[in-house]
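Here's the structure, in structure tokens; my notes come after.
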Amino acid sequence: MSNYKLKNIREAYKNKILSKKVYQLERKLIPLLKEMEQIGIKLDFSLLRALSKKLNARLRELENRIYKVAGVKFNISSSQQLSEILFKKLGIFAAGLKKTSSGTISTAASELLKIKNKHKIINLVLEYRELAKLKNTYLDTLPKLADPQTHRVHTTYHQLGTMTGRLSSSGPNLQNIPIHGEWGREIRKAFIAENGYKLLSADYSQIELRVVACLAKDKKMLEAFRENQDIHKITAAEVNNLPLIKITPEMRYQAKALNFGVIYGMSVVGFAQAARISNEKAKEFIQEYKKDFFGIAEYVERIKEKARKRGYVETVLKRRRYLPQITSSDFRFRQASERMAINMPVQGTAADIMKVAMIRARYKLKKAKTKTRILLQVHDELVLEAKNNEAEKTAEIIRDAMENVLEDPIFKEVKPIFQIPLKVDIKMGDNWGTCQNYPK
DNA sequence: TGCTTCACG
DNA sequence: ACGTACGTGAAGCAA
């Protein structure tokens, strides 16, 4: 159907998921998403093939070593067989490791990391998994999905595919292209600009933390953003009661996990795992955090109460998420709903902001008579393709559109909530992997 | 088809 | 005594 998207949006509006504002926002987004899907993004086929060959060679090597160490050939990609080999045949000590719902001991990377010093096979398996994933999901699959003539891949965006208001992307999913690790960047280099064009990437800096700081009106966090500080470093200084200069990378890493915990609806165990510290230490950090960022702690209680009373939570533009389990007698369902109640207004408001920014950006790029096209949206990042001689102009326009998005009339009534500026980082280059900061 | 795992924000 | 961070989509295996 040509207008199934519109139909779904109307449906959501009728069902009170979307306010009138959000409904109109989503309607305006349809033609833009359609353009983005139709334009697609160009792939460097020969680079993908070269990388695939490289990974294949390494995978064969790892495969042989794993068989040798295990003393038997088996399917390394089968978590069941792998679990059998590791914990029965090789008898690796597995006490304290998670079990899967079907009863076998988990072989997830997070579990294997805990025992990587017990046996040399672990690191081989971890590397095998990483490379197999990249090869199968990206290197070998993307070219098959691309247009054989133009070498461009075309995703499909789903406007209402998520419970929070984010977009999702499928066939292929272009929102989970690798970037971490030594191979991630290499893969992004295969996403290239058309001849005579540059790729631009514009991403919001810490948008979710900025949003939660505003929703919670947290004094310290607002101040940190107003002064354009390194928020994770500030957090580390606060919870450790140390001056900024004494903050180590380790402390910043833990503080970063703490800040993510706020967005996700903190749990002691979840935070402890992410920060790689004991549950006891985690508890202490969280207690200290609640004292330092009192506004955040208050907000968390307020939003949980609101969710219980009303049965739903919403973004600043009043996009709703219903949480029927918030009053469940089973505390696990209840707590899960509470985490969603904390997270949705934050993630959803950030998503609303990005959607408005996209429409403004498209409008301003057209008005300035540029040939620039918006190619991808990756939650807090836009990827654009601009003619070489329009690249800098495009950068200025996109920065203005994104940073000043809250001036849009749609935010008129809620503008006072936002007490701090939004910040956008822009990169530019011939491909998605080696974009340079703009301005330098 | 459901489960497990893992890529991204 | 549990099992946990929030939100997605895709690949491969096992039944």
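The sequence lines fix the lettering, A, B, ..., with proteins before strands; numbering per chain opens at 1.
Taking atom C1' in both B/dA7 and C/dC2, the straight-line distance is 30 Å, to the nearest Å. When the P atom is compared between B/dC8 and C/dG3, the two are found 29 Å apart, to the nearest whole Å. Nucleotides C/dA5 and B/dG2, compared at atom C1', are 24 Å apart to the nearest Å.
Atoms CD1 (A/I187) and C1' (B/dC8) sit 12 Å apart, rounded to a whole Å. Between the CD atom of A/E130 and the P atom of C/dA10 there is a distance of 21 Å, given to the nearest Å. Per the geometry, NZ belonging to A/K98 stands 11 Å off C1' belonging to B/dT5, to the nearest Å. Distance A/R339 CZ to C/dG7 P: 9 Å, rounded to the nearest Å. Separating the NZ atom of A/K283 from the C1' atom of C/dT4 is a distance of 15 Å, rounded to the nearest angstrom. The interatomic distance linking A/L376 (CG) with B/dA7 (P) rounds to 20 Å, in whole Å. Note: CG (A/L134) to P (C/dG12) measures 13 Å, nearest angstrom. Following rounding to the nearest Å, A/I263 (CD1) and C/dA5 (C1') show an atom-to-atom distance of 12 Å.
Taking side-chain N and O atoms only, A/N75 has no distance below 4.0 Å to OP1 or OP2 of C/dG12. Within the structure, a side-chain polar atom (N or O) of A/H180 is placed less than 4.0 Å from OP1 or OP2 of B/dG9. Put simply, A/S78 has no side-chain N or O that comes within less than 4.0 Å of OP1 or OP2 on C/dG12. Within the 4.0 Å cut-off from OP1 or OP2 of C/dT8, not a single side-chain nitrogen or oxygen of A/H158 is found. Taking only side-chain nitrogens and oxygens, A/N136 comes nearer than 4.0 Å to OP1 or OP2 of C/dG12. Between C/dG7 and A/R321, a contact under 4.0 Å exists linking OP1 or OP2 to a side-chain N or O. At the phosphate of C/dA14, OP1 or OP2 sits under 4.0 Å from a side-chain N or O atom of A/Q81. Close to B/dA7, at under 4.0 Å from its OP1 or OP2, lies no side-chain N or O of A/T137. Put simply, A/R166 has no side-chain N or O that comes within less than 4.0 Å of OP1 or OP2 on C/dT8. Checking the phosphate oxygens (OP1, OP2) of C/dG9, a side-chain nitrogen or oxygen of A/S168 falls inside 4.0 Å. A close approach under 4.0 Å does not occur between any side-chain nitrogen or oxygen of A/T107 and OP1 or OP2 of B/dT4. One finds no side-chain N or O of A/T164 lying less than 4.0 angstrom from the OP1 or OP2 phosphate oxygen of C/dC6. Within the structure, every side-chain polar atom (N or O) of A/S169 is placed at least 4.0 Å from both OP1 and OP2 of C/dT8.
Judged by distance alone, the side chains of A/S169 and A/H158 never bring a donor and an acceptor atom under 3.5 Å apart. A donor-acceptor pair shorter than 3.5 Å can be found between the side chains of A/T164 and A/Q347.
Using the Watson-Crick or G-U wobble rule with both distances under 3.5 Å, C/dC2 pairs with nothing in any strand shown.
Nearest to the side chain of A/A109, among C/dC2, B/dC6, B/dA7, sits B/dC6. In the set B/dC6, B/dC8, C/dG7, the nucleotide with an atom closest to the side chain of A/I179 is B/dC8. Here C/dG7 is the nucleotide among B/dT4, B/dG9, C/dG7 with the atom lying nearest to any side-chain atom of A/M340. Taking only side-chain atoms of A/S77, from C-beta outward, the nucleotide of C/dG12, C/dC2, B/dG9 with the closest atom is C/dG12.
Using a 4.0 Å heavy-atom criterion, one finds that A/A351 contacts no nucleic acid atom at all. Contacts of A/Q335 with the nucleic acid, taken as non-hydrogen atoms under 4.0 Å apart, include base atoms. Within 4.0 Å of A/I177, counting heavy atoms only, lie sugar-phosphate atoms of the nucleic acid but no base atom. Nucleic acid contact class of A/A274 (heavy atoms, under 4.0 Å, all strands): base. Across all strands, A/E208 comes closer than 4.0 Å to no nucleic acid atom at all (heavy-atom distances). At the heavy-atom level, A/N173 lies under 4.0 Å from the strands shown only through sugar-phosphate atoms. As judged by a 4.0 angstrom heavy-atom cut-off over every strand, A/V269 is placed among the base-contacting residues. Nucleic acid contact class of A/G184 (heavy atoms, under 4.0 Å, all strands): none. Nucleic acid contact for A/M344: none, since no nucleic acid atom lies under 4.0 Å from a heavy atom of the residue. Within 4.0 Å of A/I342, counting heavy atoms only, lies no atom of the nucleic acid at all. Contact annotation for A/S267: base contact, defined as any heavy-atom pair under 4.0 Å involving a base atom.
The closest side-chain heavy-atom distance from A/I397 to A/T372 is not below 4.5 Å.
Taken from CG in A/N240 to CZ in A/R252, the straight-line distance is 13.5 Å, to the nearest 0.5 Å.
Other residues, nucleotides and ligands place more than 12 heavy atoms under 6.0 Å from the OH atom of A/Y23.
Between the side chain of A/T100 and the backbone N or O of A/S106 there is no donor-acceptor pair closer than 3.5 Å.
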Next item on the list: Show your working on salt bridge (Lys or Arg N to Asp or Glu O under 4.0 Å) between A/R10 and A/E26 and close with a plain yes or no.
Entry: CA-CA 10 Å; A/R10 284 217 184 93; A/E26 296 294 355; over 6 Å; no
Next item on the list: Could you give me the CA-CA distance, side-chain angles and deciding distance for A/D203 and A/S201, then say whether side-chain hydrogen bond (donor to acceptor under 3.5 Å, both in side chains) is met?
Entry: CA-CA 6 Å; A/D203 71 289; A/S201 150; 4.6 Å; no
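For the pair A/K309 and A/E305, the salt-bridge criterion is not met [side-chain N within less than 4.0 Å of a carboxylate O].
Comparing A/G171 and A/A275 by the nucleotide of DNA chain C whose heavy atom lies nearest to each, the residue mapping closer to the 5' end is A/A275. Across the interface with DNA chain C, nearest-nucleotide mapping of A/N343 and A/R332 shows A/R332 to be the residue nearer the 5′ end.
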